[in-house]
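Below: one structure, written as structure tokens.
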Amino acid sequence: MTVGIYFATTTGKTEDIAERIHGLLDGAESPKDMSDVDDLSELSNHDGIICGIPTWNTGADSERSGTAWDTILDEIGELNLTGKKVAIFGLGDSSTYTENYCDAMEELHRYFQQAGATMVGYVSTNDYTFDESKSVVGSTFCGLPLDEDSESDMTDARISQWATQLKGEMPGL
Ligand SMILES: Cc1cc2nc3c(=O)[nH]c(=O)nc-3n(C[C@H](O)[C@H](O)[C@H](O)COP(=O)(O)O)c2cc1C
């Protein structure tokens, strides 16, 4: 069983969190920047995939992250990831961008679902303060939202709780 961690970033925060999550998960491989992945089929080599994505294109319907993820969404949707577990974490700012908090997670979530992956790592909205997020799917976030701009003091607890949750949801961790 292998679990890969993949991220894309503009100012480095999503990479930092990917490293911190990696430190909590013995079974996961070292995080890789999507900009350095030439052949997307490498995703299919894992049994589990953890993906980190920031939101930059505020309010956009598509290409919400402003990173390397945006250019490969269609390709992700065309992979066959049936039987694979995929979890997403997102970076955003719930204070300044409270109407669009971590919107990009939902876009990535949708394309992985299209590829047949089993999505895990959903998180309750209870401990968050924000007005709107496209990443609320049904009654929960479709991944783990993190806010290093306004709530960085909450990050350690959030990622540690999420790591525990993933250990129960993703074989290989
Ligand atoms: C111009 C700009 C637009 C942003 N738009 C959003 C947004 O729509 N929603 C959100 O939650 N965060 C938004 N953010 C906050 C970033 O997502 C946040 O700073 C994140 O940690 C950046 O991650 P990165 O360093 O990995 O690129 C925006 C930040 C800037 C500077």
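Whatever order the structure lists ligands and atoms in, that order sets their numbers, starting from 1. Both backbone and side-chain heavy atoms feed into the values below; hydrogens, waters and symmetry mates do not.
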Below 4.5 Å, heavy atoms only, C-beta onward: do [X] and [Y] meet side chain to side chain?
| X | Y | answer |
| --- | --- | --- |
| C142 | M119 | no |
| V86 | L108 | no |
| M170 | I50 | yes |

Closest protein heavy atom (residue, atom, distance) for [atom]:
| atom | answer |
| --- | --- |
| atom 5 (N) of ligand 1 | T58 OG1, 2.8 Å |
| atom 11 (O) of ligand 1 | C102 N, 2.9 Å |
| atom 21 (O) of ligand 1 | K13 CD, 3.3 Å |
| atom 23 (O) of ligand 1 | P54 CB, 3.4 Å |
| atom 31 (C) of ligand 1 | W56 CZ3, 3.1 Å |
| atom 9 (N) of ligand 1 | N100 O, 2.9 Å |
| atom 25 (O) of ligand 1 | T11 OG1, 2.3 Å |
| atom 24 (P) of ligand 1 | T9 OG1, 3.3 Å |

- Message: Suppose I only count heavy atoms of T10 and a 4.0 Å limit; which atoms of ligand 1 are within that range?
- Response: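 Reading through ligand 1 atom by atom, the close ones are 24 (P), 26 (O), 27 (O).
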
- Item | From CA spacing to verdict: ring pair (Phe, Tyr, Trp, His ring centres under 6.0 Å), H46, Y6 | CA-CA 11 Å; H46 298 291; Y6 293 88; 5.8 Å; yes

- Query: Do you know which of L25, T164, I21 makes side-chain contact (heavy atoms from CB on, under 4.5 Å) with I159?
  - Reply: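 Of the listed residues L25, T164, I21, the side-chain contact (heavy atoms from CB on, under 4.5 Å) partner of I159 is I21.
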
- Query: If you draw the axis of the six-membered ring of F89, does the NZ or CZ of R158 fall within 45° of it and under 6.0 Å from the ring centre?
  - Reply: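 Judged by the rule, R158 and F89 form no cation-pi pair.
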
- Query: Where the closest heavy atom to atom 29 (C) of ligand 1 is concerned, which of Y97, F130, Y101 has it?
  - Reply: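 It is Y97 that holds the nearest heavy atom.
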
- Look at atom 13 (C) of ligand 1 and find which of L91, T14, D103, T55 reaches it with the closest heavy atom.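 Shortest heavy-atom distance from atom 13 (C) of ligand 1: T55.
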
- Message: Once you measure the plane-to-plane angle for Y101 and F130, does it fall in the parallel (<30°), tilted (30-60°) or perpendicular (>60°) bin?
- Response: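 Rings of Y101 and F130: tilted, as their planes differ by 30° to 60°.
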
- Task: Could you check whether the rings of H109 and Y122 sit parallel, tilted or perpendicular, using 30° and 60° as the cut-offs?
- Result: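 It falls in the tilted class, 30° to 60°.
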
- Does some non-hydrogen atom of D149 fall short of 4.0 Å from ligand 1?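 The answer is yes, since D149 has a heavy atom less than 4.0 Å from ligand 1.
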
- Answer with side chain, backbone, both or neither: which part of E148 has a heavy atom less than 4.0 angstrom from an atom of ligand 1?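 None of E148 does.
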
